[in-house]
Protein chains: 2
Amino acid sequence: MLYICPMDIVEISKVLSNETRVNILKWLKDPESNFPPHQDIDHFDDGVCVGFIQDKTGLSQSTISTYLTAMQNADLIIPTRHGKWTYYRRNEKVIEAYINTLSKEL
Amino acid sequence: MLYICPMDIVEISKVLSNETRVNILKWLKDPESNFPPHQDIDHFDDGVCVGFIQDKTGLSQSTISTYLTAMQNADLIIPTRHGKWTYYRRNEKVIEAYINTLSKEL
DNA sequence: TTTACATATCTAGAATAATAGATATGTTAA
DNA sequence: TTAACATATCTATTATTCTAGATATGTAAA
């Protein structure tokens, strides 16, 4: 079981206090249903590229990049670079640990 | 099982994105350990009065009142008036429902 | 019926977050 | 190499949150 510092509750809650960021996490649960197929690779094993996420939200590229960086800093998502593209996938262990921590601490 | 609208994730996460508010929720889990006994009543059945919460945080009265109002608006705590004092206790059902919703939706 | 007290609300300044345009960085293709 | 592209970072503006002092409201005691 992954240990999440109780102080992280605040940091992760900050990420979840924005609807777009919550939606991104939800969409990444099921990329096949929520995004078109990638061109260079035929799977979503490393997640979804930034451009697709941006298109889906309708927000600017810089805003989405900022959001994804914040989510990555909170360890909620994991980036992988493939050529020109950065793919983001959920960090299931941290998400689960966060919910477990809430169950215990909150 | 209480239904929590997925949109409430954002509202409740906003409450939890502040360390003082998280602490208040934690303290209210075990008032006997975290607060002195009340004068007029010899129990914490309806929670803890605002003044005690304010003392514990060290923040101003108006700030704590604002926090408690926000937490009440998010249904995380329940107020009860006894004479001059307002007591706040946790809304366990909503807290549990929030965590359940996160488990399913997030 | 004043006075004191507990809490809520109003008002405002400071701090932080949201957001996008411009620019920089890193990658691939020509 | 240059050019094109994907993403990240910088800069700046607007919006929201934090926080407290001042004031209002509601309750109980004198």
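Below, each value reflects all heavy atoms present in this structure, side chains not excepted, and no hydrogens, waters or symmetry copies. Sequence lines set the chain letters: A, B, ... in the order given, protein chains first and strands last, and positions in each chain run from 1.
Remark: C1' of C:dT7 and CG of B:Asp55 are 13 Å apart, rounded to the nearest angstrom. Between the CD atom of A:Gln61 and the P atom of D:dA8 there is a distance of 7 Å, given to the nearest Å. Atom CH2 in B:Trp85 sits about 17 Å away from atom C1' in C:dA8, given to the nearest Å. Regarding A:Gln39, its CD atom lies at a distance of 19 Å from the P atom of C:dT27, rounded to whole Å. Whole-Å rounding puts the A:Tyr87 OH to D:dA6 P distance at 11 Å. Look at CD1 on A:Ile53: it is 15 Å from P on D:dA6, rounded to the nearest Å. Between B:Leu16 atom CG and D:dC18 atom P there is a gap of 12 Å when expressed in whole angstrom units. B:Ile41 places its CD1 atom 14 Å from the P atom of C:dA6, with the value rounded to the nearest Å.
Remark: A:Asp45 engages no residue in a side chain to side chain donor-acceptor pair (under 3.5 Å) (not counting sequence neighbours). In this view, B:Glu92 and B:Arg90 satisfy the side chain to side chain donor-acceptor pair (under 3.5 Å) rule, not counting sequence neighbours. Under the rule for a salt bridge (charged side-chain N to carboxylate O under 4.0 Å, His left out), A:Glu96 has no partner lying at least two apart in sequence or in another chain. Contacts of B:Arg89 classified as side-chain contact (heavy atoms from CB on, under 4.5 Å), with partners at least two apart in sequence or in another chain: B:Asp46, B:Ile78, B:Thr80. By the ring-ring contact (aromatic ring centres under 6.0 Å, His included) test, A:Tyr88 pairs with no residue at all, sequence neighbours left out. Residues passing the side chain to side chain donor-acceptor pair (under 3.5 Å) test with A:Thr63, sequence neighbours excluded: A:Ser60. Listed by chain and residue number, B:Tyr98 satisfy the side chain to side chain donor-acceptor pair (under 3.5 Å) test with B:Ser13 (two or more places apart in sequence, or in another chain).
Pairs engaging residues 59-87 of chain B under the salt bridge (charged side-chain N to carboxylate O under 4.0 Å, His left out) rule: none recorded [sequence neighbours left out].
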Heteroatom pairs (N/O) under 3.5 angstrom, protein to nucleotides 25-30 of chain D:
none

Under 3.5 Å, which protein N or O atoms sit close to an N or O of nucleotides 13-17 of chain C? Give each pair with its distance.
none

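Interatomic distance, OG1 of B:Thr20 versus CD1 of B:Ile53, reported as 12.0 Å (0.5 Å rounding). Between atom CD of residue B:Glu105 and atom CD1 of residue B:Ile9 there is a gap of 5.5 Å, rounded to the nearest 0.5 Å. Taking CD from A:Gln72 and OG1 from A:Thr69, the interatomic distance works out to 6.0 Å, rounded to the nearest 0.5 Å. The CG atom of B:Leu106 sits 5.5 Å away from the CD1 atom of A:Ile95 when rounded to the nearest 0.5 Å.
Of the candidates C:dT7, C:dA20, D:dA20, D:dA20 carries the atom nearest the B:Thr63 side chain, counting heavy atoms from C-beta on. Of the candidate nucleotides C:dG21, D:dA20, D:dT7, C:dG21 has the atom nearest to the side chain of A:Ser62.
Mapped onto DNA chain C by nearest heavy atom, A:Gly58 and B:Pro79 fall at different nucleotides, with B:Pro79 at the one closer to the 5' end.
Of the residues in residues 69-76 of chain B, none has a non-hydrogen atom less than 4.0 angstrom from any atom of DNA chain D. Within residues 43-51 of chain A, the residues that place at least one heavy atom under 4.0 Å from DNA chain D are, in residue-number order, A:Cys49, A:Val50, A:Gly51.
A:Thr86 comes within 4.0 angstrom of the backbone, heavy atoms only, and of no base. Across all strands shown, B:Leu59 has heavy atoms under 4.0 Å from sugar-phosphate atoms exclusively, and none from any base. Counting non-hydrogen atoms under 4.0 angstrom, B:Tyr88 reaches the backbone sugars and phosphates but no base.
Heavy-atom neighbours of B:Glu32 CD from other residues, nucleotides or ligands within 6.0 Å: above the threshold of 12.
When every heavy atom of A:Pro31 is checked against every heavy atom of A:Val48, the shortest pair comes out as CB-CG2, 3.7 Å.
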